[in-house]
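Taking it in order: structure first as structure tokens, then the write-up.
The sequence lines fix the lettering, A, B, ..., with proteins before strands; numbering per chain opens at 1. Keep in mind that the numbers below use all heavy atoms, side chains included, and drop hydrogens, waters and symmetry copies.
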Amino acid sequence: MIISSRIHDHFAASRLLSFCALSESGDLHYATKLFNNTQNPNLFMWNTLIRGHANSQIPEKSVFLYVQMRKLGVVPNNHTLPFLLKACSNCGYSESCKQVHTHVFKFGLELELHIVNALMRGYCVSTDLEGARQLFDEMQERNLITWTTMISGYVQNFCADEGLVLFNKMILEDFEPNGATFASVLSACADSDCLELGERIHGFIKTKNIEIGVILGTALVHMYAKNGAIMKAKTLFDKMPQRNIATWNVMICGLAGHGHAQEALTLFQELDKGQIIPNDITFVGVLSACCHAGLIIVGREIFNSMKRVYGVEPKIEHYGCMVDLLGRGGKVAEAEELIKEMTWKADVVILGALLAACKNHRNIEVAERVVRDIQALEPDNHGAYVVLAGMYAEAGRWEDVRGLRTTMRRAKLNKTPGWSKADVDN
DNA sequence: CTAGGGTTAG
């Protein structure tokens, strides 16, 4: 194209640019070079490069390009803003959704369905459900994407029930859901224990001959597993022609959560033989299985292999599983050591697990340190004091029970307006 | 004459 000067034909150059920027086998870096060597790129080219960067490792570049484009006076269209919004979401720029919203008005694009849907999605990603819902309610026209976006927005923000209510409304308004809609709705069924609805949807999917691919299959397995229908989940899981790590995770965690620790571990080993690489979620499932079954040695081995064998850096929830596992098995000292090893500050959840272990195995010495740490994190939380007081009482240490009572009273007074710490001490 | 959105795991 360069030799034949076709590169100067904007239309032909656009096709080349779009291949480089968007295709799986393309090269975003090369696309950028092409773009930079183009004089007066047209809107299509700007849009293509913004879109290409939106899902890249550097979505910030999309925003930068948009700003550059605006400085040159180029006016965005209905293809520009959806990808700009996607880029903002991928950057974690939550406030920028509102900024783009002002541009939607500025350029008179507020009736473009693609744009309003993308805006809604942007508000959902930045956890502004009210903002998203307001857009939804004010829309003059809605399509399948609109409904699916709003429903998934609720589900992903832990409002499964609201999502189900909206799904009902969707059906009443005669919109026909598709596989994407059902994936979200099934996730809601999993979160709010709706086995019957989940089963009805499964039946509907079958009668409508909707293809059960990886995503929908995973959503179905998750729904059954979470609702305790482990056999149904397992049968479906076994039948799936394609599975990814999420599929394995719902099955492993489902088994672990319903007392089938051994089966969860077996599944983990099968995954080990295959092409699937476990991730942090897999290990939450496997370690919690060990915890339920009291498999200290196996659990310790798996925990130690996480980083070494699988390259998965343990997070606080994995330490949490281990503290729980060790603590339940009476290895309170080892559990305390493990918490000290962590690079982060211990949170109340993990300290609570350790305190429970102290209580069950009557380890007052460690419990005193744990209670002190919990108190430092949550001064208003007196639950830990109550546990410790119970332990003192059980050991017949009444003097210490009284001491704790004084400390609690003092903490309460200290919070009372008008009183300073010095007043209390005096 | 070029192009697009929503979906699964703790």
Side-chain angles (χ1 to χ4, degrees), chain A residues 9-19 21-23 42-52 54-55 77-86 89 112-122 124-125 132 142-156 158 163 170 175 177-191 205 210-223 225-226 233 237 240 242-254 256-257 276 278-289 315-318 320-321:
Chain A
D9 170 358
H10 268 31
F11 189 82
S14 293
R15 302 297 287 262
L16 179 62
L17 182 76
S18 126
F19 165 71
L22 308 177
S23 164
N42 61 22
L43 183 56
F44 180 89
M45 291 169 166
W46 283 106
N47 289 348
T48 303
L49 212 61
I50 289 172
R51 177 182 168 198
N55 286 319
N77 69 0
N78 48 336
H79 287 278
T80 319
L81 300 185
F83 295 111
L84 179 64
L85 283 159
K86 181 143 229 174
S89 299
E112 287 290 333
L113 205 45
H114 273 99
I115 290 184
V116 188
N117 286 344
L119 264 178
M120 257 179 53
R121 170 110 197 103
C124 288
V125 171
R142 301 185 189 105
N143 65 6
L144 177 61
I145 310 291
T146 317
W147 287 95
T148 306
T149 303
M150 195 63 233
I151 291 171
S152 79
Y154 279 125
V155 180
Q156 286 170 358
F158 313 103
M170 173 181 181
F175 272 93
N178 68 1
T181 322
F182 285 134
S184 270
V185 175
L186 285 166
S187 175
C189 292
D191 286 349
I205 288 169
I210 295 172
E211 194 200 343
I212 301 185
V214 180
I215 294 176
L216 199 48
T218 305
L220 278 165
V221 173
H222 180 216
M223 184 278 296
K226 200 65 183 303
F237 176 85
M240 282 173 68
Q242 299 267 351
R243 307 180 195 117
N244 65 14
I245 184 60
T247 323
W248 286 86
N249 284 345
V250 290
M251 200 62 244
I252 289 173
C253 295
I276 308 270
N279 63 13
D280 53 333
I281 298 168
T282 321
F283 285 103
V284 171
V286 176
L287 291 175
S288 72
K315 293 189 188 175
I316 195 159
E317 47 270 48
H318 303 107
C321 289

- [ ] Return no unless some side-chain N or O of A:Thr48 is found under 4.0 Å from OP1 or OP2 of B:dT2.
- [x] no

TODO: Return yes if some donor-acceptor pair links the side-chain N/O of A:Arg243 with the main-chain N/O of A:Phe237 below 3.5 Å, else return no.
DONE: yes

- [ ] Please answer whether the main-chain N or O of A:Thr282 pairs with a side-chain N or O of A:Asn279 as donor and acceptor at a distance below 3.5 Å.
- [x] yes

- [ ] Can you figure out which of B:dA3, B:dT8, B:dG6 approaches the side chain of A:Asn77 most closely?
- [x] B:dA3

- [ ] Side chain of A:Asn244 only, please: which of B:dT8, B:dG6, B:dG10 is the nearest?
- [x] B:dT8

- [ ] Grab the CG-P distance between A:Leu186 and B:dA9 for me, whole Å please.
- [x] 10 Å

Open item on the list: From C-beta outward on A:Thr148, which listed nucleotide comes closest to its side chain: B:dA3, B:dG10, B:dG6?
Closed with: B:dG6

Task: Spacing of A:Phe19 atom CZ relative to B:dT2 atom C1', expressed in whole Å - done: 15 Å

Open item on the list: Within the 4.0 Å heavy-atom criterion, would you say A:Glu112 contacts the bases, only the backbone, or no part of the nucleic acid?
Closed with: nothing

Open item on the list: Rounded to whole Å, please give me the gap between CD1 in A:Ile245 and P in B:dG10.
Closed with: 12 Å

TODO: Using whole Å, report how far CD1 of A:Ile115 lies from C1' of B:dA3.
DONE: 13 Å

Task: Rounded distance (Å) that lies between atom C1' of B:dT7 and atom CD1 of A:Ile205 - done: 11 Å

Open item on the list: Over all strands shown, is A:Leu113 touching base, sugar-phosphate only, or nothing at heavy-atom distances under 4.0 angstrom?
Closed with: base

Open item on the list: Rounded to whole Å, how long is the line connecting atom CG of A:Leu216 with atom P of B:dA9?
Closed with: 12 Å

Open item on the list: Classify A:Phe182 by what it touches in the nucleic acid, base, sugar-phosphate, or nothing, heavy-atom distance under 4.0 Å.
Closed with: nothing

Task: Listed nucleotide nearest any side-chain atom of A:Phe44, set B:dA3, B:dG4, B:dA9 - done: B:dA3

TODO: Let me know the distance between CG of A:Leu22 and C1' of B:dG5, rounded to the nearest Å.
DONE: 15 Å

Task: Which nucleotide in B:dA3, B:dA9, B:dG6 has an atom nearest any side-chain atom of A:Thr149 - done: B:dG6

TODO: Mark yes or no for whether A:Ser14, through its side chain, and A:His10, through its backbone, hold a donor-acceptor pair below 3.5 Å.
DONE: yes

Open item on the list: Heavy atoms from C-beta onward define the side chain here; which of B:dG6, B:dT7, B:dA9 lies closest to that of A:Thr181?
Closed with: B:dG6

Open item on the list: Tell me whether the side-chain N/O atoms of A:Arg142 come closer than 4.0 Å to OP1 or OP2 in B:dG6.
Closed with: no

Open item on the list: Minimum heavy-atom separation for A:Thr48 and A:Phe44, please, with both atom names.
Closed with: OG1-O, 2.7 Å

TODO: Would you state whether a donor and an acceptor, one from the side chain of A:Asn178 and one from the base of B:dG6, lie under 3.5 Å apart?
DONE: yes

TODO: Scan A:Leu220 against the nucleic acid and name what it touches under 4.0 Å (heavy atoms): base, sugar-phosphate only, or nothing.
DONE: nothing

Task: Phosphate OP1/OP2 of B:dT7 contacted by A:Ser184 side-chain N/O (<4.0 Å) - done: no

- [ ] Determine: side-chain N/O of A:Lys86 to OP1/OP2 of B:dG4, distance under 4.0 Å, yes or no.
- [x] no

- [ ] Evaluate the side-chain contact (heavy atoms from CB on, under 4.5 Å) criterion for residues A:Asn78 and A:His114: first the C-alpha distance (whole Å), next the side-chain angles of each, then the deciding distance (0.1 Å), finally the verdict.
- [x] CA-CA 7 Å; A:Asn78 48 336; A:His114 273 99; 5.7 Å; no

- [ ] For the side chain of A:Ala180, starting at C-beta, report the closest nucleotide among B:dT7, B:dG10, B:dA3.
- [x] B:dT7

Open item on the list: Please classify the nucleic acid contact of A:Ser18 as base, sugar-phosphate, or nothing, using heavy-atom distances under 4.0 Å.
Closed with: nothing

Open item on the list: Let's see if you can work this out: which of B:dT8, B:dG4, B:dG10 has an atom nearest to the side-chain heavy atoms of A:Lys226?
Closed with: B:dG10

Open item on the list: Using a 3.5 Å distance criterion without hydrogens, assess whether the side chain of A:His318 forms a donor-acceptor pair with backbone atoms of A:Asp280.
Closed with: yes

Open item on the list: Is the phosphate of B:dG4 approached by A:Arg51 (side-chain N or O, under 4.0 Å from OP1 or OP2)?
Closed with: yes

Task: Donor-acceptor contact below 3.5 Å, side chain A:Asn249 vs main chain A:Ile252 - done: no

Task: Out of B:dT7, B:dG6, B:dG10, whichever nucleotide has its closest atom nearest the side chain of A:Ile215 - done: B:dT7

TODO: Let me know the distance between CE of A:Met45 and P of B:dT2, rounded to the nearest Å.
DONE: 15 Å

Open item on the list: Counting only side-chain heavy atoms from C-beta out, which of B:dA9, B:dG4, B:dT7 sits nearest to A:Pro82?
Closed with: B:dG4

Task: Below 4.0 Å: OP1/OP2 of B:dG6 and any side-chain N or O of A:Gln156 - done: no

- [ ] Indicate whether A:Phe11 forms a stack on B:dT2; treat it as stacked only if centroid distance is below 5.5 angstrom and interplanar angle below 30 degrees.
- [x] no

- [ ] Answer yes or no as to whether B:dA9 has its base stacked against A:His222, where stacking requires a ring-centre separation under 5.5 angstrom and planes under 30 degrees apart.
- [x] no

